[in-house]
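Naming convention: chains lettered A, B, ... in sequence-line order (proteins, then strands); numbering from 1 in each chain. A quick note: this is a predicted structure, and the numbers were derived from the prediction, not measured. Side chains included, hydrogens not; waters and symmetry mates left out as well; all remaining heavy atoms used.
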Amino acid sequence: MKPRPPTGRRIVNGVVSGLAAASALLGLLALAWIFLGVLSRGVGALNVDFFTRLPNPPGIPGGGVANAIIGTLAMTGLATLLAVPLGMMAGVFLSEFGQKSRLADHSRFAANVLMGMPSIIIGVFVYAILVLPRGKFSGYAGALSLGIIMLPVVARTAEDMLRLLPNTLREAGLALGAPTWKVTLTILFRAAKPGLLTGILLAVARVSGETAPLLFTALNSPYWESSLAGPTPNLTVTIFNFAMSPYPDWQQMAWGASLLITCGVLTLNLTARFFLGEKHS
Amino acid sequence: MADLALPETPAKTQTWRQGDLIFRWLSRGCAFLVPALIGGIFLALLIYSLPAIKKFGVGFLVSPEWNPVAQEFGAASSIFGTVVSTLIAMLLAVPLSLAIAFFLVELAPPAVSRVVSTLIELLAAIPSIIFGMWGLFVFAPFLQAHVQPWLASTLGFLPLFQGPPMGIGIMSAGTILAFMILPFICAIARDVFLLVPRTIRESAFGMGATTWEVMYKVMIPYGLVGLIGAVFLGLGRALGETMAITFVIGNSHRISASLFAAGNSIASTLANEFAEATEPMYVSSLIALGLVLFLITYLVQILAQFLLRRLYRSWSAGL
């Protein structure tokens, strides 16, 4: 005969399990509440004008955030161009050359610290080294702060993805007489492609919703800007300014932009997961 | 994989080796860039905050004064708001995320667990500014209408819950922060629980322990170090979170005992005032605030990483 656990313990177990399930439900509820909240308020703001026009002054209905969409894309693109090669190479060192060296230890540690560093600190840093000496806000400064935020994410995922590759792959390449750089760039990178893409996508997803590092680097602008040399319009700071304004038109526009950003970031994230899932299955 | 130094090679491979040499040094330079950035950030913040440090000294940290007109600056109200909102967030998020991790690891069927995990992780992907929008226009009014009046009527004798329920304030900031850091703590706690060897768990079950008893007498003690690390990681996030807080905290440089009151945090002060600051002493004081935040988060990060070393090692091996 198997003795049963006394009832008291079973009741505690049941109560705790119920609470745990309720907590999970609460987490999901929060996600749904936020997503549906943004969706229901933002969808009304989306129309052709939203994607093609400049913001109107307060009080005049209509207008759009086309300049901000382009500005955000340009700065994110530049940040990606900056961070991906540097991050990949750092990942190569961590996985292929350094591994257990002191530099690799420091680099890994610093990358983890940098990933947890508040993004507004990065903004202050770029303000101090770029905006203050030049005396003006610029899209380049914005792109630099986004790039700094991306760098550690790209480096760590690149390391992890390269490490997963079997050593036989490296040995086979070297045995053919190929130099290490060729083996790394043409064989390892190709083999690790889904993983590396995942890393890049996650890094892009991470910065495309960033606001704090742009507030005093790229600032914002209500006009079309033909270069990144001056204050650059961008979606997230536009959301901040419009949401804090007392004008319902602008607040409505902020909701539209929020919906756009949310959908963009979630799509990037799910795509990245899909890549990763495909690789692991 | 390891050092690919080859035995003596024929002469014609000279260029071959040069290519590798360049490649190796390039990658070394990039790897060096990351710690160099951290050092650079620290130095830049330090240099630019020197004028404020010289003028206000240690008093900067304890003075509640913040008056751009009179050029008097102190960090006390910002530090106070940061600490209190983080405290609220941790009090809410730690039990919640541990409970969710428990649910994911022990209770949910694998398929449900996978879906719920992904959804909770998506919560972490939502940008801070979206939490801010939602907090300002949806959540704070909800608190104001439904939660705060109830708190005031039942616990109103405490100084914590006095004053008019405004929705916006330290309380809503802390609550929204809790939702933002929950996925981070939850994900690591889940990984910590999954690291507990099967045999240990199963022998506990074999002794007749209930699921909850296995969790709190076996899994939690076994993974305690990792769980504390997870908490610290969440703490680091909470301390530096900017946009969501800036939307809902109310932005007032006042220290108040009531959680209903408006306040500010280091990050929200930076977000609100930096772009408008023109006076050198004002800018320098703001950068000094940034330095304080940098040092606090750096310390928390070091602790978190020290505690999570074991986990990081297993991540690198099996991501």
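Side-chain contact between Y127(A) and V283(B) is present, with at least one heavy-atom pair separated by less than 4.5 Å. Taking the side chain as every heavy atom from C-beta outward, I302(B) and F109(A) approach each other to under 4.5 Å.
Per-residue counts of heavy-atom pairs under 4.5 Å with chain B were compared for V124(A), V38(A), V16(A); the largest is that of V16(A). Ranked by non-hydrogen atom pairs under 4.5 Å with chain B, the options V113(A), L94(A), V92(A) are led by V113(A). Of the residues considered (A267(B), A271(B), G236(B)), A271(B) shows the highest number of contacts with chain A, using heavy-atom pairs under 4.5 Å. Considering only heavy-atom pairs separated by less than 4.5 Å from chain B, the leading option among P166(A), S119(A), G116(A) is G116(A). Interface check for chain A: of the options Y216(B), F184(B), F102(B), the most heavy-atom pairs under 4.5 Å are formed by F102(B). Ranked by heavy-atom pairs under 4.5 Å with chain B, the first of A90(A), G209(A), G37(A) is A90(A). Ranking L45(B), I47(B), L96(B) against chain A, the residue ahead of the rest is L96(B), based on heavy-atom pairs under 4.5 Å. Interface check for chain A: of the options I100(B), I266(B), L107(B), L286(B), the most heavy-atom pairs under 4.5 Å are formed by I100(B). Heavy-atom pairs under 4.5 Å with chain A were tallied for L293(B), V116(B), L98(B); the largest tally goes to L293(B). Note on F137(B), F131(B), F139(B): by heavy-atom pairs under 4.5 Å with chain A, the leading option is F137(B). Between chain B and the options R206(A), M244(A), K100(A), heavy-atom pairs under 4.5 Å are most frequent for M244(A).
Only the side chain of I122(A) comes within contact range of chain B, with at least one heavy atom under 4.5 Å from a heavy atom of that chain. Both the backbone and the side chain of A128(A) have a heavy atom closer than 4.5 Å to some heavy atom of chain B. Contacts of A205(A) with chain B are absent, with no heavy-atom separation under 4.5 Å from either backbone or side chain. Interface residue L86(A): backbone and side-chain heavy atoms are both found under 4.5 Å from chain B. Only the side chain of L270(A) comes within contact range of chain B, with heavy atoms under 4.5 Å apart. Neither the backbone nor the side chain of L268(A) comes within contact range of chain B; no heavy atoms are under 4.5 Å apart. Both the backbone and the side chain of T246(B) have a heavy atom closer than 4.5 Å to some heavy atom of chain A. Heavy atoms closer than 4.5 Å to chain B are found nowhere in S101(A), neither backbone nor side chain. A254(A) touches chain B through backbone and side chain together, each having a heavy atom under 4.5 Å away. Heavy atoms of L259(A) lying under 4.5 Å from chain B are absent altogether. For a residue to count as touching a neighbouring chain, one of its non-hydrogen atoms must lie under 4.5 Å from one of that chain's; by this rule N272(B) touches chain A with the side chain only. Only the side chain of L151(A) comes within contact range of chain B, with at least one heavy atom under 4.5 Å from a heavy atom of that chain.
For D20(B) (side chain) and P179(A) (main-chain N/O), no donor-acceptor pair under 3.5 Å exists by modelled atom type.
What you find for L26(B) and M89(A) is that their closest heavy atoms are CB-CE, 3.6 Å. Closest non-hydrogen pair, I129(A) versus A44(B), comes out as CG2-CB, 4.2 Å. Considering all non-hydrogen atoms of both residues, S27(B) and F97(A) come closest at OG-CD1, 3.2 Å.
Put simply, CG on L19(A) and CZ on F103(B) are 12.5 Å apart, with the number rounded to the nearest 0.5 Å. A distance of 10.5 Å separates OG1 of T211(B) from CZ of R10(A), quoted to the nearest 0.5 Å. In this structure, I129(B) CD1 and I239(A) CD1 are separated by 5.0 Å, a value rounded to the nearest 0.5 Å. Annotation: the span from F93(A) atom CZ to R24(B) atom CZ amounts to 8.0 Å, rounded to 0.5 Å. How far CD1 of I121(A) is from CG of L270(B): 6.5 Å, rounded to the nearest 0.5 Å. Atoms CG and CZ, on L43(B) and F125(A) in that order, are 9.0 Å from each other to the nearest 0.5 Å.
Here E213(B) pairs with R9(A) under the salt bridge (Lys or Arg N to Asp or Glu O under 4.0 Å) rule; sequence neighbours left out. Every residue two or more places apart in sequence or in another chain was checked for a side-chain hydrogen bond (donor to acceptor under 3.5 Å, both in side chains) with N13(A), and none qualifies.
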Atom pairs and distances, side-chain donor-acceptor, residues 118-128 of chain B, under 3.5 Å, sequence neighbours left out:
| residue | atom | partner | partner atom | Å |
| --- | --- | --- | --- | --- |
| T118(B) | OG1 | R114(B) | O | 2.9 |
| E121(B) | OE1 | R273(A) | NH1 | 2.9 |
| E121(B) | OE1 | R273(A) | NH2 | 3.2 |
| E121(B) | OE2 | R190(B) | NH1 | 3.2 |
| E121(B) | OE2 | R190(B) | NH2 | 3.4 |
| S128(B) | OG | E241(B) | OE2 | 2.5 |
| S128(B) | OG | M243(B) | N | 3.4 |
| S128(B) | OG | A244(B) | N | 3.2 |

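Counting heavy atoms of neighbouring residues, nucleotides and ligands inside a 6.0 Å radius, atom OH of Y48(B) exceeds 12 of them.
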Criterion side chain to side chain contact (heavy atoms under 4.5 Å, CB included) on V12(A) and T210(B), from CA distance to verdict: CA-CA 9 Å; V12(A) 170; T210(B) 61; over 6 Å; no
Begin with the C-alpha distance, continue with both residues' side-chain angles, and end with the deciding distance and a verdict on side chain to side chain contact (heavy atoms under 4.5 Å, CB included) for I41(B) and L114(A). CA-CA 10 Å; I41(B) 292 173; L114(A) 202 55; 4.1 Å; yes
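In summary, the aromatic rings of F240(A) and F247(B) are positioned with their centroids under 6.0 Å apart. Centroid-to-centroid, the aromatic rings of F179(B) and W33(A) stay 6.0 Å apart or farther.
Using a 4.5 Å cut-off between non-hydrogen atoms, the part of residues 22-32 of chain A that approaches chain B consists of S23(A), A24(A), L26(A), G27(A), L28(A), A30(A), L31(A).
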